[in-house]
Amino acid sequence: MTGPRISPDEARNSLDKVERMKRSGFRRAVKPRWFGFGLSLVVGIGFALYALEDPGNLPGLVICLGVVIFISLGRTAMGVSGKTLPSTSRGVLALVVLIAFLLVLFFGGIYVRRAYDLAWVPVATGLIASLTLFLISESERRYDLRQADTGARR
């Protein structure tokens, strides 16, 4: 028993609708701009809090809580949850280099502040960390939008 026959035009239209729905889903999964801005701001503020003479655990607390809140809000706003870690060796390498850069920046800022008694250094390292993270996030966002528009998968 066969089902109802459809014309080639109907099949093409149906496939086009499916393709548009797929691209729409990919587009919806792209992180909003505020996500990258907020995340970079939280990390920058955490870096800058080390400008305080005795910050205690406050910067670490700000960074950890802020990152958790922004990731939770971002995933809720997108309605989907994406992969957490990169799936390619190039992506893992980039993540390792980014983390190493941020650690060197962070501990270098602490060293310079203490060795030369320059209170503004952690603020500068916070600005550098914020700008770096925001630019990476925005670059990733634009790449994802291009991929969503072309219907390509990562």
Side-chain angles (χ1 to χ4, degrees), residues 15-154:
L15 286 174
D16 287 343
K17 287 179 185 177
V18 168
E19 188 63 33
R20 282 195 305 268
M21 286 173 35
K22 183 172 107 176
R23 282 196 302 267
S24 174
F26 285 153
R27 196 169 245 299
R28 184 173 173 215
V30 173
K31 294 178 213 65
R33 181 169 279 135
W34 65 264
F35 181 81
F37 178 75
L39 196 59
S40 63
L41 188 64
V42 166
V43 172
I45 288 171
F47 271 58
L49 282 176
Y50 272 98
L52 300 173
E53 192 59 35
D54 184 21
N57 292 328
L58 185 63
L61 183 65
V62 167
I63 291 172
C64 290
L65 286 177
V67 167
V68 167
I69 289 169
F70 270 95
I71 289 174
S72 298
L73 289 174
R75 287 187 175 186
T76 301
M78 291 184 299
V80 295
S81 87
K83 59 185 181 198
T84 308
L85 294 174
S87 58
T88 63
S89 58
R90 187 175 180 186
V92 171
L93 178 64
L95 181 63
V96 167
V97 168
L98 174 65
I99 290 171
F101 169 73
L102 291 175
L103 287 173
V104 166
L105 187 66
F106 183 72
F107 290 114
I110 291 171
Y111 173 76
V112 170
R113 176 179 62 89
R114 290 181 181 164
Y116 299 104
D117 197 28
L118 299 171
W120 57 267
V121 171
V123 174
T125 59
L127 288 172
I128 292 168
S130 285
L131 185 61
T132 301
L133 290 175
F134 178 72
L135 292 175
I136 290 171
S137 174
E138 191 61 22
S139 171
E140 181 77 10
R141 182 178 177 279
R142 288 182 182 178
Y143 176 81
D144 287 344
L145 284 172
R146 278 194 309 272
Q147 295 296 94
D149 290 342
T150 61
R153 282 191 153 195
R154 279 187 164 216

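Being a predicted model, the structure only gives us computed values, none of them experimental. The chain is numbered in sequence order, starting from 1.
Partners of Ile136 by side-chain contact (heavy atoms from CB on, under 4.5 Å), not counting sequence neighbours, listed by chain and number: Leu98, Thr132. Taking Arg141 as the reference, nothing meets the side-chain hydrogen bond (donor to acceptor under 3.5 Å, both in side chains) condition, with sequence neighbours excluded.
Distance CG/Leu133 to CZ/Phe37: 12.5 Å, rounded to 0.5 Å. Separating the CZ atom in Arg90 from the CG atom in Leu95 is a distance of 14.5 Å, to the nearest 0.5 Å.
Nearest approach of Arg113 to Pro122, heavy atoms of both residues: CD-CG, 3.5 Å. Taking each heavy atom of Gly109 and Thr125 in turn, the nearest pair found is CA-CG2, 3.9 Å.
Using modelled atom types, one side-chain atom of Ser130 and one backbone atom of Gly126 make a donor-acceptor pair closer than 3.5 Å. Between the side chain of Ser137 and the backbone N or O of Phe134, no donor-acceptor pair lies under 3.5 Å.
Evaluated for a side chain to side chain contact (heavy atoms under 4.5 Å, CB included) with Leu41, the options Val43, Leu39, Ile45 yield exactly one hit, Ile45.
Among pairs with a residue in residues 36-48, none fulfils salt bridge (charged side-chain N to carboxylate O under 4.0 Å, His left out), at least two apart in sequence or across chains.
The shortest distance between side-chain heavy atoms of Phe101 and Leu105 falls below 4.5 Å.
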